[in-house]
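What's counted below: heavy atoms across the whole structure, side chains too, no hydrogens, waters or symmetry copies. Within every chain, numbering begins at 1; the chains are lettered A, B, ... in the order of the sequence lines, protein sequences first and strands thereafter.
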There are 2 protein chains.
Amino acid sequence: MTGDHDRSLLLVEDDAKLAALLDRLFTGEGYTVDMARDGQSGLHHALTQRYAVMVIDRGLPAIEGVDLVRRLRARGVATPILVLTARGTTEDRVEGLDAGAEDYVVKPFEIDELLARLRALLRRHTDTSTRLDLGERYLDVAARRVLGGTAGPIELSGRENELLQLFAAHPSQVFTRDELRRLVFQDADSPGAVDTYVYYLRRKLGRDVIRTVHGLGYRMGSA
Amino acid sequence: MTGDHDRSLLLVEDDAKLAALLDRLFTGEGYTVDMARDGQSGLHHALTQRYAVMVIDRGLPAIEGVDLVRRLRARGVATPILVLTARGTTEDRVEGLDAGAEDYVVKPFEIDELLARLRALLRRHTDTSTRLDLGERYLDVAARRVLGGTAGPIELSGRENELLQLFAAHPSQVFTRDELRRLVFQDADSPGAVDTYVYYLRRKLGRDVIRTVHGLGYRMGSA
DNA sequence: GGGCGCTCTGAGGTTCCTCTGAGATTCGCG
DNA sequence: CGCGAATCTCAGAGGAACCTCAGAGCGCCC
């Protein structure tokens, strides 16, 4: 049972030597380290465990690092992410940050700087879990269903799950349709889909799960 | 009349040429830029205005950049800060981040990267940086609602939100109907709209939120 | 191959917001 | 007190934004 600690850290790194070095380094700083050797495995860990912070290498087999970041953000995972990259060109940096990474460090890096950046990331972050609060009920992200109310469990489809996850992870934030389309619906032009899925969620969970902010977008019903 | 915008930015930079360049750059990206030429002035701006983000140079007269960051954090200013530094050594970077800066960029920097880092900073902080004081309660501008009183949250429409935002950002100022019409209502000739929306706000928030200054206009209820 | 569930489209009905305008009320001043 | 001007109150028109839902397209599993 790892990954539910205040200083839990997910390291996604394919290079065995570097992975071992970083593991020792982070452990020595008091982090509880989980390790994944490729993007697929990293994705699985990140979606099923709770971490305080993630450190992800750009050059990964299976799923590329930046792509992994993008996928995690699309599923509402708000955990701060630091990307390790060998490439130091500006386009690479821009791409990583715009994908949703909080920070990046160029290899070869200095140990002190890496640790300082980790501290900076951790200093201001609230974590997410696989169970997200919905007020009366909660969303079990991994099982894709809503539990805990007076009625029985409510099964969600993949899209419904992703959308609700995003809202539940940021309860006070208003999302525009554009943002939701980018984050949840990969297809850039699916104008009505957002509305439809809000409708689906409301039909299943009650009209108040998601509130409309007229002219702006939607936000979570509770809080 | 600056500093109350969603994309308002405070730039603290002593080098005149660099300051002018950055000003143009940020303005071109849609930021509303306030400028300060030294740390003392920067501190004053940062404490009296509200900004979405601050960009601070390390090498400043009067108060050094990192010191400025530390002082702001000590006073509870949570605005995200990006530090520009000529020194690229690890110790410098560590010091800046540990002082409470969210990020730093080493000069000479690439424009695209600087802008990408700004976007990344703003994205992270959009959910906490938009609150205006109303006395007992406060206005969450982004979510368009009033929170914090004894009663539950009060939802506002777009116009109501803009109008109240203007008043709350300038609590002691008296606005004429003409000014309000120009600032809040696009249509140049909508004479009664101002009165109507003042009425709406009063109905939702109590008669005292906005005071009438007979023959002149309106001003905020508190202070 | 056929059935089933999921995703997204598009059209029609509904709600909400904005602003107008007219009557009621209050204010300032002689 | 009395009068004109300023302000308040509120019903409602018009239009934009939104909701609802049937159904087509797609992929998956048996």
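- Here CZ of A:Arg159 is found 14.5 Å from CG of A:Leu164. Values are rounded to the nearest 0.5 Å.
- With rounding to the nearest 0.5 angstrom, the CG atom of B:Leu201 is 4.5 Å from the CD1 atom of B:Ile210.
- The interatomic distance linking A:Tyr197 (OH) with C:dG5 (P) rounds to 14 Å, in whole Å.
- Rounded to an integer number of Å, the gap from B:Lys204 NZ to C:dT18 C1' is 12 Å.
- Axis orientation changes by 30° from one end of the helix from C:dG1-D:dC30 to C:dG30-D:dC1 to the other, with each end axis drawn from 5 pairs and the value rounded to 10°.
- Listed here is the closest heavy atom pair of A:Tyr51 and A:Ser8: CA-OG, 3.3 Å.
- Taking the side chain as every heavy atom from C-beta outward, B:Leu10 and B:Thr79 never approach each other to under 4.5 Å.
- Per the geometry, CZ belonging to B:Phe185 stands 9 Å off P belonging to C:dT18, to the nearest Å.
- Computed from coordinates, the B:Ile210 CD1 to D:dT7 P distance equals 14 Å when rounded to whole Å.
- In this structure, the CG atom of B:Asp208 is 13 Å from the P atom of D:dC8, given to the nearest Å.
- Within 6.0 Å of CD on B:Gln173 lie more than 12 heavy atoms contributed by other residues, nucleotides or ligands.
- At distances below 3.5 Å, at least one donor-acceptor pair connects side-chain atoms of B:Arg211 with backbone N or O atoms of B:Gly221.
- The shortest non-hydrogen separation linking A:Glu160 to A:Glu155 is OE1-O, 4.3 Å.
- Taking the six-membered ring where the residue is Trp, B:Phe26 and B:Tyr31 present perpendicular rings, their angle passing 60° and hence far from 30°.
- With rounding to whole Å, A:Asp178 atom CG is found 13 Å from D:dA17 atom P.
- Note on B:Ser157: every side-chain N or O is 4.0 Å or more away from OP1 and OP2 of C:dC16.
- Remark: P of C:dT18 and CG of B:Leu201 are 11 Å apart, rounded to the nearest angstrom.
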Considering only nitrogen or oxygen atoms on both sides, find all protein atoms under 3.5 Å from nucleotides 18-23 of chain D and state each distance.
unit_1 : atom_1 : unit_2   : atom_2 : d
D:dC18 : OP1    : A:Arg177 : NH1    : 3.4
D:dC18 : OP1    : A:Gly215 : N      : 2.9
D:dC18 : OP2    : A:Arg177 : NH1    : 3.0
D:dC18 : O5'    : A:Arg177 : NH2    : 3.3
D:dC19 : OP1    : A:Arg202 : NH1    : 2.6
D:dC19 : OP1    : A:Arg202 : NH2    : 3.4
D:dC19 : OP1    : A:Thr212 : OG1    : 2.4
D:dC19 : OP2    : A:Tyr218 : OH     : 2.5
D:dC21 : OP2    : A:Tyr199 : OH     : 2.3
D:dC21 : N4     : A:Thr196 : OG1    : 3.4

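- Rounded to an integer number of Å, the gap from CZ of B:Arg211 to P of C:dT26 is 18 Å.
- Closest of all the heavy-atom pairs between A:Arg137 and A:Leu147 is CB-O, 3.1 Å.
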